[in-house]
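Only one structure is covered here, and it is reproduced in the block below.
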Amino acid sequence: MKSLYLLLWILTAVQAHAQNPVKNSIDALLMEAVPEESHPGVTVGLVKDGQVLYQGSRGSMNLEYQLPFNDSTVFGLASVTKQFTAACIGLLEKQGKLSVQEDVRKYIPELAFYGDTIRIKHLLNHSSGIRNHNVLLDLKGFDYSHQGYTNEMIQALMFRQKGTNNAPGEKMLYSNTNYVLLALIVERVSGMDLHEFSKKELFDPLDMEYSFFIHDLETLVPNRAYPYYATDKGYNQPKSLTLCVGAGGMESTIPDMLRWSELFLNPAPEYAYLKDFLTQRDTLNNGERMSYGRGLFVSPYKTLTTYHHSGRDRGMRSQFIAVPALKLAVVVFANDENINAVNFSYQILDLFVQEPTEAGQKATFTQHSTAALNAYTGTYQELNSDLRMAIYVENDTLKAVSSRGSTGTPLIPEGPNLFSRIDNPYITYAFGQEEADDELQVDFGGAIFYFERIQLADQPNQHLEIYAGNYYSKELDVTYVLEVIDQQLVLTYPNNRLVLTEGQKGVFGANRRTKYRFHGKNEGEIMYFEVASEGTVKNILFERVD
């Protein structure tokens, strides 16, 4: 009889499992992403119609003790944090203590005036033009392996800056500094540290018991996942001495993040305003509506509106996505930086999202002649970067290949001057922009990258000796040394030694998304150069000091 009951139980369990194709599919995705349970892995949560439809994981959250993920593993959010910092600003506005239309300098008078008013909303939607501090630290030669930084250090660095990337509201350029400054505003307006204010006003009311902003690197956090990255000899665990919050610096769990997702799917009446605040899409100065809300991207996926943000840090990746029309949200965390949490989330989302019907699909334009396609060809370079892209025609097809790539990707026409990648229709290329400083915009799911068409030097890397010397930047407080070694221009600064090559005449780079533009009284007497990097730092001045 016991054997019969056991057989019936097994048959029932097998039948139930077979009738849950979503669970089977996600389990298969986990197996594919994490072949070995002893490796770092992934933890996933899925809510649908107010119910947790799936929560599972595969892999180890701690390799030293081979501890597997569990239902309440605590993990770092990285840039997914931004929506929570933005929510704190929304709470303060609701309380009547500030307005997003106010001048940032009302609360941060130490910030330089750059010729136009930067408002709080410009920080929230990344249109302030303020330089990205991560790039500034790289340009200083910051040693992340042996140094850490704090909010106060980033604030001091920003107060030294004499310029911005663009006028407020002119364009979106993603910059973590915006959210470090928003954290400072929260603290100055509320009179509390960010972790205290968020706990009292946000996490406790929403019953997010295990969510918090880090405020002490030495505090023990039970059940925390550790980050890892692969090497030839196995996995290593990165160590960080940084304690900087606002743009990142928050930790949470899958259950807490699924509770948070209800704010976007089915908000309680008292929090409906917060959903509206976070998903508000402002307009740029030219009237164009932005694809970034406040701490979140707001973008279409197969005709459905999604609210999403990803996070990445050394040894970890995170992703949050909510789809109100489906009453569905997906949260993915990976403690192996080689696991693509974003792609993983969309693989899960595709289990519920149907391909658009033929009537709902974008019309495909085919009227481009070879001559018309040839008009788009040339060498393009990212603004404030040395990253180049070749656009060319092959077999009557427009193709694109970056200076970091090896093969061209076909571009499919979607409209006048608009193309999409054949391997990802949500990456688009828009040519012939009306803006004065860019001729191509590449949209990676809401994140815009700007390019200009350039003419490469006919005879690059000539007379390199005129560039040699010592150069100092007041804004970064660092000296760069340029030398000609073995007929190459070599740049040395703390923790860096690079060989620079000429692209445009008088403009050099090392294929690291950083460019160096030299200036002088004449071609033989260089007085200074300007550094721009990663599209989010423009014209850092280095003056010759030798």
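Residue indices begin at 1 and follow the sequence shown.
When all heavy atoms of N335 and S60 are compared, the pair lying nearest together is ND2-O, 3.0 Å. Of all heavy-atom pairs spanning K538 and A532, the tightest one is CA-CB, 4.2 Å. Contact detail for I454 and L456: the closest heavy-atom pair is CD1-CD2, 3.8 Å. Counting all heavy atoms, side chain and backbone alike, N338 lies closest to A230 at ND2-CB, 3.8 Å. Of all the heavy atoms in L278 and A86, the pair that sits closest is CD2-CB, 3.7 Å. Minimum interatomic distance between S403 and L387 (heavy atoms only, all atoms of both residues): OG-CD1, 3.5 Å.
Residues Y528 and F542 place their aromatic rings such that the two centres sit no closer than 6.0 Å. Ring centroid separation for the pair F75 and F333 comes in under the 6.0 Å cut-off.
The NZ atom of K239 sits 12.5 Å away from the OG atom of S145 when rounded to the nearest 0.5 Å. Annotation: the span from I108 atom CD1 to I118 atom CD1 amounts to 10.0 Å, rounded to 0.5 Å. A distance of 11.0 Å separates CG of L181 from CG of N176, quoted to the nearest 0.5 Å. Taking OG1 of T253 as the start and CG of D256 as the end, the distance is 3.5 Å to the nearest 0.5 Å. Here CG of L383 is found 9.5 Å from CD of Q441. Values are rounded to the nearest 0.5 Å. From R453, atom CZ reaches atom CD of E439 across 5.5 Å, with rounding to the nearest 0.5 Å.
Inter-residue side-chain proximity for I89 and V186 is flagged as met; some heavy-atom pair is nearer than 4.5 Å. The closest side-chain heavy-atom distance from E187 to M192 is not below 4.5 Å. In this structure the side chain of T283 never reaches within 4.5 angstrom of the side chain of M290, judged on heavy atoms. Looking at Y346 and V332, their side chains never come closer than 4.5 Å, going by heavy atoms from C-beta outward. Side-chain contact check for F197 versus L202: every heavy-atom pair is 4.5 Å or farther apart. Q83 is listed as a side-chain neighbour of V80, based on a closest heavy-atom distance under 4.5 Å. Within the 4.5 Å cutoff, side-chain heavy atoms of L111 are placed close to those of V104.
Counting heavy-atom neighbours within 6.0 Å of Y65 OH, excluding the residue itself, gives a total of 12 or less. In the displayed structure, Q462 atom CD is contacted under 6.0 Å by more than 12 heavy atoms of other residues, nucleotides or ligands. Within 6.0 Å of OH in Y235 there are more than 12 heavy atoms belonging to other residues, nucleotides or ligands. Atom CZ of R312 is surrounded by 12 or fewer heavy atoms from other residues, nucleotides or ligands within 6.0 Å. The 12-atom threshold is exceeded at CD of E525, counting heavy atoms of other residues, nucleotides or ligands nearer than 6.0 Å.
By the side-chain hydrogen bond (donor to acceptor under 3.5 Å, both in side chains) test, R544 pairs with Y471, D546, sequence neighbours left out. Taking F444 as the reference, F449 meet the ring pair (Phe, Tyr, Trp, His ring centres under 6.0 Å) condition, with sequence neighbours excluded. Partners of Y376 according to the side-chain hydrogen bond (donor to acceptor under 3.5 Å, both in side chains) rule, which considers only residues two or more places apart in sequence or in another chain, are N417. With sequence neighbours excluded, no residue satisfies ring pair (Phe, Tyr, Trp, His ring centres under 6.0 Å) with Y114. In this view, R404 satisfies the salt bridge (charged side-chain N to carboxylate O under 4.0 Å, His left out) rule with no residue, not counting sequence neighbours. For Y480, there are no side-chain hydrogen bond (donor to acceptor under 3.5 Å, both in side chains) partners, not counting sequence neighbours. With sequence neighbours excluded, the residues that form a side-chain contact (heavy atoms from CB on, under 4.5 Å) with T514 are L139, Y516, V531, S533. Remark: N125 pairs with S127, D282 by the side-chain hydrogen bond (donor to acceptor under 3.5 Å, both in side chains) rule, at least two apart or across chains. Every ring pair (Phe, Tyr, Trp, His ring centres under 6.0 Å) that Y292 has, sequence neighbours left out, goes to H126, F297, H309.
In the model, E530 has a side-chain atom that pairs as donor or acceptor with a side-chain atom of H519 under 3.5 Å. In this structure, a donor-acceptor pair under 3.5 Å is present between the side chains of N178 and S128.
A cation-pi arrangement, defined by a distance under 6.0 Å to the six-membered ring centre and an angle within 45 degrees of its axis, is absent between K199 and F212. In this structure, R388 is not positioned above the aromatic face of Y380 in the sense of NZ or CZ being under 6.0 Å from the six-membered ring centre and within 45° of the axis.
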Next on the checklist: Let's go through S299 and H308 carefully: what are the C-alpha distance in whole Å and the side-chain angles of both, what is the deciding distance for side chain to side chain donor-acceptor pair (under 3.5 Å) to 0.1 Å, and is it a yes or a no?
Outcome noted: CA-CA 8 Å; S299 56; H308 62 97; 2.6 Å; yes

Next on the checklist: Using the rule given for side chain to side chain donor-acceptor pair (under 3.5 Å), can you reason through T177 versus H133, listing the C-alpha separation, both sets of side-chain angles and the distance that settles it, and then say yes or no?
Outcome noted: CA-CA 6 Å; T177 311; H133 67 261; 3.1 Å; yes

Next on the checklist: For a side chain to side chain donor-acceptor pair (under 3.5 Å) check, start with the C-alpha distance between S79 and K82, then their side-chain angles and the critical distance, and finish with the verdict.
Outcome noted: CA-CA 6 Å; S79 286; K82 289 181 173 66; 2.9 Å; yes

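Judged by distance alone, the side chain of S402 and the main-chain N or O of M389 form no donor-acceptor pair under 3.5 Å. Proximity of a side-chain donor or acceptor of E152 to a complementary backbone N or O of A156 within less than 3.5 Å is not detected. Under the 3.5 Å distance criterion, the side-chain polar atoms of N236 are left unmatched by any main-chain donor or acceptor of Y229. Judged by distance alone, with hydrogens and angles left aside, the side-chain atoms of D386 form no donor-acceptor pair with the main-chain N or O of K515 at under 3.5 Å. Side-chain N or O atoms of D193 include none that pairs as donor or acceptor with a backbone N or O of E196 at under 3.5 Å.
Pairs engaging residues 489-505 under the side-chain hydrogen bond (donor to acceptor under 3.5 Å, both in side chains) rule: N496-R512 [sequence neighbours left out]. Counting only residues at least two apart or in different chains, salt bridge (Lys or Arg N to Asp or Glu O under 4.0 Å) contacts with residues 103-117 comprise E102-K106, E110-R188.
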Could you pull out all donor-acceptor pairs under 3.5 Å where a side-chain atom in residues 220-227 meets a protein atom, sequence neighbours excluded?
{"unit_1": "N223", "atom_1": "OD1", "unit_2": "N70", "atom_2": "ND2", "d": "2.8"}
{"unit_1": "N223", "atom_1": "ND2", "unit_2": "N70", "atom_2": "OD1", "d": "2.8"}
{"unit_1": "N223", "atom_1": "ND2", "unit_2": "S72", "atom_2": "O", "d": "2.9"}
{"unit_1": "N223", "atom_1": "ND2", "unit_2": "S72", "atom_2": "OG", "d": "3.1"}
{"unit_1": "R224", "atom_1": "NE", "unit_2": "E251", "atom_2": "OE1", "d": "3.1"}
{"unit_1": "R224", "atom_1": "NE", "unit_2": "E251", "atom_2": "OE2", "d": "3.4"}
{"unit_1": "R224", "atom_1": "NH2", "unit_2": "E251", "atom_2": "OE2", "d": "3.4"}

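Ring-plane geometry between Y144 and F142 is classed as perpendicular, the angle between the planes exceeding 60 degrees on a 0 to 90 degree scale with a lower cut at 30.
Between I540 and the options K474, K162, Q161, K140, a side-chain contact (heavy atoms from CB on, under 4.5 Å) holds for only Q161.
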